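First comes the structure, then the notes that go with it.
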Amino acid sequence: MQALIVEARRRYHAELLANGVLTIDEKGVPSNADRSSSLSISIAQGIARRLMAKEQVKAVGQTAGAKFEQLNMEFIEATFPHLQHLRPGKWHIAKLGNRNSMKTSSFVQYEHLDYLSQLTKDDPRLAASMGNDYMVAPDVVVYRESESDEAINSPQLIVDRSVCNLSFIRQECNSLPILHASISAKWTMRSDRAQNSRTEALGLIRNRKGHLPHIVVVTGEPMPARIASLALGTGDIDCVYHFALHELVESVRDTGAEDSIEMLNILISGKRLKDISDLPLDLAV
């Protein structure tokens, strides 16, 4: 019998292939490789070969990014809810976007951002002073519902109306969902685009009222140096997760590129880079 996360990881990779996110073109260049870098192409080819990618038309531009977000959401949906014994609660996983009425201010820690947004719309001078750094739009979120007094008091009488009247987890005090995790999806890390994830993280850190949610990034970038540009350091992003870390490690070793091998070892031993399979369990912490 195969472990649930092993099977979910296999399906995740199969869907990346089937949806044209991970592909190989007619010149043998994988869709996550930088065409201007022979090392990037070599590492990406190693990953693609291990995942049995085939030559096909790739998803272009924003489509690849949107599909990567969707498949990351589906991977979390297939795994995290099975960890109720570790992290009980009424959990939901959602992909935020223009078609989704839910936004960061929908969660109790950030509900005040709606008020700030309205103030800046009505006052151009205030908008010029404050900017819009407080507005954060994660790709995928994990959140939980608050709990009824009946649920809280199920093992024994724990709360009554004389105490705990400001707690987020108590439905009597708070009807809004509680943001548990913000997941940013970056299929590749070209130039400085990936640094948007760091900006989003800082926005979540600075503008919260209450506890900080998990803040993570999932990527398909093959170059260790580019992953390091986001993963190294602490204080904003919890961790970067690679869509195929096991395959990445083997592919980097095959190239014999000592700098890349060393950087990858630093990221992994320093707990700054993990495999996508680690994410569900880390969300249960």
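These figures come from a predicted structure and were not determined experimentally.
Hydrophobic clustering of Ile, Leu, Val, Met, Phe, Trp and Tyr side chains at less than 4.5 Å, counting indirect connections, keeps Ile178 apart from Leu83. Placement of Leu281 and Leu279 within a single hydrophobic cluster is found when ILVMFWY residues are connected by side-chain heavy-atom separations under 4.5 Å, directly or transitively. Under the 4.5 Å side-chain heavy-atom criterion for ILVMFWY residues, a single connected hydrophobic cluster contains both Val218 and Leu51. Both Met73 and Leu283 are assigned to one and the same hydrophobic cluster, defined by single-linkage of ILVMFWY side chains at heavy-atom distances under 4.5 Å. At a threshold of 4.5 Å between side-chain heavy atoms, the hydrophobic network of Ile, Leu, Val, Met, Phe, Trp and Tyr places Leu71 and Leu248 in one connected group.
When atom types are taken as modelled, the side chain of Asn153 and the backbone of Val159 share a donor-acceptor pair closer than 3.5 angstrom. Judged purely by atom type and a 3.5 angstrom limit, Thr23 has no side-chain atom pairing as donor or acceptor with the backbone of Gly20. Although no hydrogens or angles enter the test, the distance criterion places a donor-acceptor pair under 3.5 Å between the side chain of Asp275 and the main chain of Leu245. The main-chain N or O of Ala201 is never found under 3.5 Å from a side-chain atom of Asp236 such that the two would form a donor-acceptor pair. Asp139 places a side-chain N or O within 3.5 Å of a backbone atom of Ala185 that can act as its donor or acceptor partner. Judged purely by atom type and a 3.5 angstrom limit, Lys274 has no side-chain atom pairing as donor or acceptor with the backbone of Ile268. With hydrogens and angles ignored, the 3.5 Å screen pairs no side-chain donor or acceptor of Ser42 with any backbone N or O of Thr255. Side-chain N or O atoms of Arg272 include one that pairs as donor or acceptor with a backbone N or O of Ala231 at under 3.5 Å. Listed for the Ser146 side chain is no donor-acceptor partner under 3.5 Å among the backbone atoms of Ile169.
Residues Ser184 and Glu200 have side chains in contact (heavy-atom distance under 4.5 Å, counting atoms from C-beta outward). A heavy-atom distance below 4.5 Å is found between the side chains of Lys186 and Ser197. Side-chain contact between Asp34 and Thr188 is absent, with no heavy-atom pair separated by less than 4.5 Å. Between Gln84 and Trp91, some side-chain heavy-atom pair lies under the 4.5 Å cut-off. Between Glu15 and Gln70 there is no side-chain heavy-atom pair separated by less than 4.5 Å. Two residues are said to be in side-chain contact when any heavy atoms from C-beta on lie closer than 4.5 Å; Arg170 and Ile152 meet this criterion. A 4.5 Å side-chain heavy-atom check between Leu176 and Glu111 finds at least one atom pair inside the cut-off. Trp187 is listed as a side-chain neighbour of Val21, based on a closest heavy-atom distance under 4.5 Å.
Of the residues listed (Glu250, Gln45, Glu247, His246), the one engaging Arg50 in a side chain to side chain donor-acceptor pair (under 3.5 Å) is Glu250, and it is the only one.
Ring-centre distance between Phe168 and His211: not below the 6.0 Å cut-off.
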(request) Could you walk me through whether Asn19 and Phe68 pass the side chain to side chain contact (heavy atoms under 4.5 Å, CB included) test, one step at a time? (result) CA-CA 9 Å; Asn19 282 273; Phe68 188 52; over 6 Å; no
(request) Take His242 and Ile227 through the test side chain to side chain contact (heavy atoms under 4.5 Å, CB included) and record every step on the way to the result. (result) CA-CA 9 Å; His242 198 272; Ile227 297 171; 3.8 Å; yes
(request) Evaluate the criterion side chain to side chain contact (heavy atoms under 4.5 Å, CB included) for residue pair Arg226 and Glu221; output intermediate values, then yes/no. (result) CA-CA 7 Å; Arg226 285 181 177 161; Glu221 173 61 47; 3.7 Å; yes
(request) Tell me, with the steps shown, if Val29 and Ile24 meet side chain to side chain contact (heavy atoms under 4.5 Å, CB included). (result) CA-CA 5 Å; Val29 179; Ile24 301 173; over 6 Å; no
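The aromatic rings of His13 and Phe243 sit perpendicular, their planes meeting at an angle over 60°, well past the 30° parallel limit. Ring geometry for Tyr143 versus His92: interplanar angle under 30°, hence parallel rather than tilted (30 to 60°).
How far CZ of Arg208 is from CD of Gln109: 9.5 Å, rounded to the nearest 0.5 Å. Going from atom CG of Asp160 over to atom CG of Asp149 covers 9.0 Å, rounded to the nearest 0.5 Å.
Under a cut-off of 6.0 angstrom, the local environment of CD in Glu262 is sparse, with at most 12 non-hydrogen atoms contributed by other residues, nucleotides or ligands. Within a 6.0 Å sphere centred on CD of Glu258, other residues, nucleotides and ligands contribute 12 heavy atoms or fewer. Under a cut-off of 6.0 angstrom, the local environment of CG in Leu157 is crowded, with over 12 non-hydrogen atoms contributed by other residues, nucleotides or ligands.
Using a 4.0 Å cut-off between charged side-chain N and carboxylate O, Arg11 and Glu7 make a salt bridge. In this structure, Lys271 does not pair ionically with Asp278, as no charged nitrogen and carboxylate oxygen lie closer than 4.0 Å.
Under the 3.5 Å distance criterion, with hydrogens and angles disregarded, no donor-acceptor pair is assigned to the side chains of Tyr241 and Asn72. Defined by atom type and a distance below 3.5 Å, a donor-acceptor pair is present between the side-chain atoms of Ser105 and Asp114.
Judged as a salt bridge (Lys or Arg N to Asp or Glu O under 4.0 Å), and not counting sequence neighbours, Arg87 has no contacts.
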